[in-house]
Amino acid sequence: MSKKIVRVAVQAPLPGLFDYLFPAHMQAEPGCRVLVPFGRGKRVGIVWEFAGQKDDLPYKLKPVAQVIDDTALLDVPLRQLLEWSSNYYHHPIGEAVATALPVNLRQERAVRTHRQRYWALCATCPDAEELDARASRQKIVIQMMKEAGSAVAETQLRELGADIGSVLKRLAQKGWIEDSARYASANAESGESRQKLNLNDEQRDAVTTIVEADGQFAPVLLQGVTGSGKTEVYIQAAQAVIGQGKQVLVLVPEIALTPQLLRRFQAGIDSAVVSMHSGMGDSERERAWNAARSGDARLLVGTRSAVFVPLPELGLIIIDEEHDLSYKQQEGFRYAARDVAVMRAKQSGIPVVLGSATPSLETIYNAIQGRYQRVRLTRRAGGAVPPTLQAVDIRSEHLHGGLSATLIKAVRKCLQAGEQVILFLNRRGYAPQLTCNDCGWIAECEHCDARMTFHASAHRLWCHHCGYQKPQPKVCPACESEELVYLGQGTERLEETLGELFAETPVVRIDRDTTRRKGSLEAHLEKMHMGESGILVGTQMVAKGHDFPNVTLVGILNLDAGLLSPDFRSPEKTAQLMLQVAGRAGRGKKPGHVIIQTRNPEHPLLQELLCGDYDSFAKAELKERQEAVFPPYSYQLLLRAESSSAEKTDDFLEYAADTARELLKNVEIWGPVPAPMERKAGHFRGHLLLQAAERATLHAHVDHWTQQLRKLKTARSVRWSIDIDPQEQL
DNA sequence: AGCACGCCGACT
DNA sequence: GTCGGCGTGCTC
Ligand SMILES: [Zn+2]
Ligand SMILES: [Zn+2]
């Protein structure tokens with residue numbers, strides 16, 4: 001009597017699948033969830049495969065307790081992708097699978113199948129304008145349905161905001177809208193009413209290249225300067241693929257998934273567009289996941305984790321701003337969504353578009369090697385000219401609140417012309433340092449090797465690394481002097497300075513602190529979106545997401561941190577950020593100007609960017625990487641470790657290094673070294689870097705190595721993880 | 001990781 | 001006497 005054995009992916013920090021007996025009376029296919037006994041309790045796992053009976057089992061198997069689903073939650077291509085990801089990132093398959101499932105489905109909960117509903121307006125429904133001002137949500141729903149002119153998919157309506165479900169319910173109760181059984185085919189025809197996208201010949205060529213790849217793996221690097229209309233290319237290509245009855249996945253960086261962007265996709269696509277991002281609640285995410293899996297959603301716009309959403313008819317993947325660091329998960333299962341997406345396209349045999357004005361050097365290298373086809377968009381919409389760049393040497397100048405005389409003059413001129421200014425400063429808060437003039441005491445975090453930032457509005461000192469905060473001291477804690485001074489500039493302080501310099505001008509600050517609380521910010525932003533004169537102050541956030549039509553001047557207050565960082569990726573990241581911010585300047589007929597303040601005006605990176613373009617920079621930087629044998633000319637693995645003491649961390653990493661020397665051949669071992677900030681949130685952190693000329697060489701015996709590390713008793717008190725293709729050495 | 005077992009010090 | 005500290009082993 002042969003016993004059926006099933007191999008299950010269970011969420012546990014242990015490598016591999018777990019074997020169970022599969023009782024004859026049960027029925028399940030790979031991809032279904034099952035409830036299995038695990039340790040002392042029970043856990044939910046995914047059936048991975050069935051293995052015939054085995055005679056010599058190393059241990060007695062337990063039987064599956066219960067089958068939860070009758071059809072597979074994860075289809076074959078997605079399981080194949082998860083398996084590849086688990087192997088490539090050396091992370092347990094069960095945990096990889098968990099990141100691909102909505103939280104509700106990681107438990108024993110049944111899949112909630114929402115039949116796709118289509119809502120139509122009834123004749124009794126009043127105009128949106130006639131509604132009570134308080135019924136703003138009902139208003140936008142009615143408005144959207146009116147604009148559509150036919151029945152609208154509920155998934156589509158739900159993109160209008162949170163808890164649209166209750167709004168629909170109320171409208172239905174009033175008899176203003178009805179559940180329309182038929183999906184009005186008018187929707188497909190209403191393509192006429194959709195804005196006809198006017199593409200230039202470069203954009204048309206790009207669309208053709210993407211769409212012609214039909215039915216086979218074809219990675220395309222879409223390299224287009226800011227304002228060259230990459231999004232129109234995405235929309236047109238997506239529409240074409242959707243027209244063939246397929247689905248499209250669009251990945252965007254965390255902070256770029258704004259209502260603005262979503263509306264553009266919805267306006268250009270005549271089928272259900274669904275979004276998924278980290279700001280969503282569990283049930284919203286589950287709904288989007290279900291819509292994607294059932295095929296109700298034809299285009300999914302999502303952030304990092306959306307790369308693992310099931311899309312049974314996937315025909316195209318688009319990765320916008322492919323160089324963006326938020327595609328890399330920085331904890332646990334440290335996958336890079338861009339690279340996983342390319343693998344997904346390869347496994348599915350479909351085209352994949354990597355879009356960026358400033359592609360990562362890895363991607364440029366792939367294009368140079370001929371692995372990716374490069375398509376360029378060189379023209380800005382409306383024939384706009386590229387911005388002019390000017391470096392201002394601030395070494396010998398007395399700055400006014402971080403602003404040089406040159407920059408202040410330029411801002412004034414710009415405002416007088418009724419135009420907008422962006423000032424970029426990559427530091428939140430009021431001042432990055434609080435110090436005592438009498439004894440030299442500096443406010444430092446008790447848990448990190450870092451200084452605390454002063455936040456004026458909160459009257460508190462904040463550690464940006466661990467979140468620890470304390471009240472603003474009145475006197476020096478060391479000598480009781482009252483001579484406390486705030487050194488350096490943060491966005492909060494810059495906002496204050498500008499308020500004094502340009503009292504008549506609205507100043508809007510955009511950073512993590514202002515975007516948290518909405519309301520007043522939204523109102524200010526609205527004005528800026530309309531093009532009214534004003535100054536925008538902000539961190540990286542001003543470079544991404546929001547789009548302002550009337551900006552002609554961009555000031556970068558201090559580029560030096562990026563120029564001087566020892567990290568080998570720093571030049572690349574600095575160039576990308578600088579050009580992305582610079583790209584905000586100038587639209588239409590108005591040329592843009594960019595002022596860069598620096599104490600290193602002769603720095604080669606800066607010179608390269610001032611005289612050349614991103615391509616010439618990339619070429620020079622790739623040469624540097626080649627000479628130093630850094631990625632993409634080599635492959636890296638970073639072992640990260642942290643514990644309650646520097647000794648424990650170091651001992652563990654020393655052992656890891658010894659073991660690596662023994663087990664891993666043709667691999668260079670650097671370290672162990674303490675992390676750039678050794679103590680963070682009370683933990684002592686260290687690194688061990690492995691590098692090899694070939695990917696296969698690097699990966700060959702890693703699993704054996706980690707198995708050895710797991711055996712080490714002292715490793716119990718050390719938290720450690722493997723980071724493949726590390727991006728940041730933080 | 002998450003849980004139980006087990007072996008030692010300092011409490012009622 | 002026993003409550004609880006965390007070192008150690010295990011999860012199909
Ligand atoms: Zn002092
Ligand atoms: Zn801290």
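All chains are named by letter (A, B, ...) in the order of the sequence lines, taking the proteins before the strands, and each is independently numbered beginning at 1. It should be emphasised that the depicted structure is a prediction, and the values quoted were computed from it without experimental measurement.
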Practice task
Round to a whole Å and report the spacing from NZ of A/Lys711 to C1' of C/dG7.
Solution key: 20 Å
Fill in the blank from the handout: Whole-Å distance, A/Phe38 CZ to B/dC3 C1', equals 11 Å
Exercise for the section: Mind calculating the distance between CZ (A/Arg716) and P (B/dC3) to the nearest angstrom? Expected result: 13 Å
Practice task
Specify the residue among A/Leu14 and A/Arg40 whose closest nucleotide of DNA chain B lies further upstream toward the 5′ end.
Solution key: A/Leu14
Practice task
Tell me what A/Tyr20 touches on the nucleic acid: a base, only sugar-phosphate, or nothing, going by heavy atoms under 4.0 Å.
Solution key: sugar-phosphate
Handout entry: A/Lys713 side-chain N/O to C/dG9 phosphate OP1/OP2 under 4.0 Å
Key = yes
Problem - SB check A/Arg428 A/Asp513 (cutoff 4.0 Å) - result: yes
Completion exercise
A/Lys648 atom NZ is separated from C/dC6 atom C1', nearest whole Å, by 11 Å
Practice task
Answer yes or no: is there a donor N or O on one side and an acceptor on the other, between the side chain of A/Arg106 and the main chain of A/Gly45, under 3.5 Å?
Solution key: no
Exercise for the section: Return yes if the base of B/dG2 and the side-chain atoms of A/Arg43 contain a donor-acceptor N/O pair under 3.5 Å, otherwise no. Expected result: no
Handout entry: Ring geometry between A/His447 and A/Tyr468 (parallel below 30°, tilted from 30 to 60°, perpendicular above 60°)
Key = perpendicular
Handout entry: Side-chain donor-acceptor pair present, A/Glu322, A/Ser360, cut-off under 3.5 Å
Key = yes
